[in-house]
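Notes to accompany the following structure.
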Amino acid sequence: MTGYFKDIAPIRYAGPDSDDEFAYRHYDPDEVVMGKRMEDHLRLAVAYWHSLAYEGADPFGGRTYDRPWYGDDMAAARAKADAAFDLFAILGQPFFCFHDADVRPEGATFAESRRNLDAICDIFAAKMEQTGTKLLWGTANMFSHRRWMAGAATNPDPEIFAYAAASVKACMDVTHRLDGQNYVLWGGREGYETLLNTDLGREAEQAGRFLTKVVEYKHKIGFKGAILIEPKPQEPAKHQYDFDVATVYGFLKRFGLENEVKLNIEQGHAILAGHSFEHELALAASLDMLGSIDMNRNDYQSGWDTDQFPNNVPETALAYYEVLRAGGFTTGGTNFDARVRRQSLDPEDLVLAHVGAIDICARGLKAAAAMLEDGGLERLRALRYAGWDRPEAQAMLDQPLDRIAARVEERDLDPQPVSGGQERLENWVNRFV
């Protein structure tokens with residue numbers, strides 16, 4: 001252990017009656033929920049960028065944290081890796097996630113940056129072998145450096161497009177070597193600030209060609225994980241092309257990639273798009289596009305992506321209800337794309353933020369499982385659509401409009417509305433959360 005986390009012992013399950021803040025009160029990795037261990041349902045991951053790389057800055061002020069591994073050289077990167085795996089060992093979660101820029105310093109050339117990434121990959125591989133911690137997904141940061149200010153795949157400069165391609169290849173290679181379960185693309189700068197200098201059609205074509213190349217390379221190297229896109233509507237770009245689940249699905253269909261790519265859906269991004277988290281999850285599941293999730297929350301009094309740790313059991317339960325209803329995760333999992341507040345300076349804050357969030361997820365998962373096992377919501381849902389189960393109703397879907405209209409007059413139909421029962425359903429859900 002590096003000593004940064006002082007004498008914090010590995011977090012263990014102590015039960016709901018425990019008053020030990022450094023213990024799980026609800027997360028018991030071996031508890032069986034719907035026939036599967038809780039750990040295997042949740043597939044929890046720590047986000048390297050927020051937990052190890054974030055320095056506490058906001059738009060109005062710089063760094064507030066004083067972590068001993070901060071720096072822009074390989075010595076700092078190695079120290080950060082040591083601290084990261086200390087944190088993973090304390091929390092006991094099975095996975096982590098990273099961007100290339102989180103784990104290695106930027107080199108003077110692309111080749112140097114790639115060598116730095118490969119060197120850190122060697123360290124990760126050894127630590128993963130020693131600890132059993134696995135990689136949920138890797139991704140390339142193509143939004144922070146000034147070169148990406150006008151996008152990566154959608155950039156008007158073809159040399160930046162090429163640099164982006166090289167960046168993704170390098171990060172995919174590392175993810176593949178570390179047996180990552182997925183590879184994620186988040187187009188933080190793939191969008192526009194003004195239409196006055198933007199060719200929407202050209203940029204969409206570039207994005208489609210780029211993603212096609214990523215999929216082709218996946219198959220070329222034999223990567224068995226999923227390629228995931230993470231939707232977000234705005235911030236930093238005024239309008240980002242991967243706005244929400246529906247928008248991304250339309251983009252994938254346009255370029256014939258809907259059977260090759262799935263989605264990594266974040267709670268905070270769903271809110272920024274004007275949706276609920278469960279809406280985005282349910283829509284993705286209905287399209288067979290649900291891959292993985294970033295679990296966090298936004299401050300509903302702020303208009304931006306605040307990336308706070310989850311603390312709302314009802315919201316989390318509804319999210320996991322959609323995940324379980326869709327059959328659960330396969331390659332995906334629950335990544336904490338969340339950061340402690342810039343005033344939360346101590347190592348204990350970083351640990352306790354994850355402890356609380358993990359317990360929230362455990363409670364949400366158990367509530368979601370109880371709702372599914374009870375079956376009340378699905379029974380009421382089925383009852384609402386029961387009329388469509390009749391053969392004549394199904395046949396109507398294949399009939400021409402004039403034949404349906406004639407049937408209305410022949411039978412003198414006068415259908416009356418039926419209650420949707422929203423309050424009854426909300427009351428039912430509240431029995432479990």
Side-chain angles (χ1 to χ4, degrees), residues 13-19 21 23-44 93 265-271 275-286 290 292-301 306-329 332-338 352-384 419-433:
Y13 174 70
D17 297 327
S18 173
D19 59 3
E21 63 179 346
Y24 296 124
R25 300 175 67 247
H26 301 278
Y27 176 67
D28 177 358
D30 293 320
E31 180 178 347
V32 175
V33 179
M34 292 183 66
K36 186 189 293 188
R37 294 173 65 247
M38 185 181 292
E39 179 180 274
D40 298 332
H41 270 299
L42 292 173
R43 293 169 59 84
L44 299 165
Q93 91 306 314
I265 301 170
E266 179 180 314
Q267 196 271 0
H269 295 178
I271 300 303
H275 306 307
S276 67
F277 194 19
E278 61 267 26
H279 164 86
E280 291 288 84
L281 294 169
L283 180 56
S286 74
L290 180 56
S292 195
I293 65 173
D294 277 0
M295 181 64 79
N296 57 18
R297 80 180 195 275
N298 279 355
D299 185 328
Y300 293 133
Q301 293 173 301
T306 54
D307 284 330
Q308 294 172 248
F309 281 89
N311 71 352
N312 187 314
V313 174
E315 285 187 351
T316 306
L318 291 176
Y320 281 121
Y321 187 89
E322 298 301 336
V323 172
L324 293 177
R325 187 166 171 252
F329 296 122
T334 303
N335 173 51
F336 289 114
D337 188 357
L352 291 173
H354 284 90
V355 169
I358 290 170
D359 264 348
I360 290 291
C361 289
R363 293 175 65 188
L365 176 76
K366 288 190 283 189
M371 285 192 284
L372 269 175
E373 289 176 328
D374 178 273
L377 190 57
E378 297 310 310
R379 286 193 297 272
L380 291 170
R381 195 196 313 263
L383 182 62
R384 188 177 187 216
S419 173
Q422 179 174 334
E423 293 74 20
R424 170 179 287 179
L425 297 170
E426 290 170 346
N427 291 348
W428 183 86
V429 169
N430 285 334
R431 289 164 44 196
F432 297 88
V433 299

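Keep in mind it's a predicted model, so treat the numbers as computed, not measured.
Annotation for D19: atom CG does not count as buried by contact number, only 12 or fewer foreign heavy atoms lying within 6.0 Å. Within a 6.0 Å radius of CZ in R384, no more than 12 heavy atoms belonging to other residues, nucleotides or ligands are found. The environment of R424 atom CZ is sparse: at most 12 non-hydrogen atoms of other residues, nucleotides or ligands sit within 6.0 angstrom.
Separation of atoms CD (E315) and CZ (R297) is listed at 9.0 Å; rounding is to 0.5 Å. Here the CG atom belonging to N296 is positioned 4.0 Å from the CD atom belonging to E266, to the nearest 0.5 angstrom. Here the SG atom belonging to C361 is positioned 14.5 Å from the CZ atom belonging to R43, to the nearest 0.5 angstrom. In this structure, CG on N298 lies 7.0 Å from CG on D307, to the nearest 0.5 angstrom. The distance from the CZ atom of R379 to the CH2 atom of W428 is 7.5 Å, given to the nearest 0.5 Å. The distance from atom NE2 of H269 to atom CZ of F277, rounded to the nearest 0.5 Å, is 10.5 Å.
At least one donor-acceptor pair closer than 3.5 Å links the side chain of T334 to the backbone N or O of L42. Proximity of a side-chain donor or acceptor of H41 to a complementary backbone N or O of G328 within less than 3.5 Å is not detected. Under the 3.5 Å distance criterion, the side-chain polar atoms of D40 are left unmatched by any main-chain donor or acceptor of K36.
Shown here for Y321 and A368, the closest heavy-atom pair between the two residues is N-CB, 3.4 Å. Shortest non-hydrogen contact noted between I271 and S276 is CD1-CA, 4.3 Å. Closest of all the heavy-atom pairs between A369 and L324 is N-CD1, 3.7 Å. Residues V433 and V313 share a closest heavy-atom pair of O-CG1, 4.2 Å. Minimum interatomic distance between H26 and E31 (heavy atoms only, all atoms of both residues): O-OE1, 4.3 Å.
R363 is not listed as a side-chain neighbour of T316, based on a closest heavy-atom distance of 4.5 Å or more. Side-chain contact check for Q267 versus E280: every heavy-atom pair is 4.5 Å or farther apart. Side-chain contact between I265 and D294 is absent, with no heavy atoms from C-beta onward closer than 4.5 Å. Looking at D374 and F432, their side chains come closer than 4.5 Å, going by heavy atoms from C-beta outward. Contact check for P29 versus M38: no side-chain heavy atoms found under the 4.5 Å cut-off.
Relative ring orientation between F309 and H354 is described as perpendicular, the plane-to-plane angle rising above 60° on a 0-90° scale split at 30° and 60°.
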Derivation and outcome, side-chain contact (heavy atoms from CB on, under 4.5 Å), residues L380 and L425: CA-CA 8 Å; L380 291 170; L425 297 170; 3.4 Å; yes

Derivation of the salt bridge (Lys or Arg N to Asp or Glu O under 4.0 Å) call for D28 and K366: CA-CA 11 Å; D28 177 358; K366 288 190 283 189; over 6 Å; no

Candidate pair E378 and M371, rule side-chain contact (heavy atoms from CB on, under 4.5 Å), full reasoning: CA-CA 9 Å; E378 297 310 310; M371 285 192 284; over 6 Å; no

side-chain contact (heavy atoms from CB on, under 4.5 Å) between Y320 and L281, worked out: CA-CA 9 Å; Y320 281 121; L281 294 169; over 6 Å; no

side-chain contact (heavy atoms from CB on, under 4.5 Å) between I360 and N312, intermediate numbers included: CA-CA 7 Å; I360 290 291; N312 187 314; over 6 Å; no

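Side-chain contact check for Y24 and S18: no donor-acceptor pair (N or O, by modelled atom type) lies under 3.5 Å.
Remark: D359 does not engage R25 in a salt bridge, criterion side-chain N to carboxylate O under 4.0 Å.
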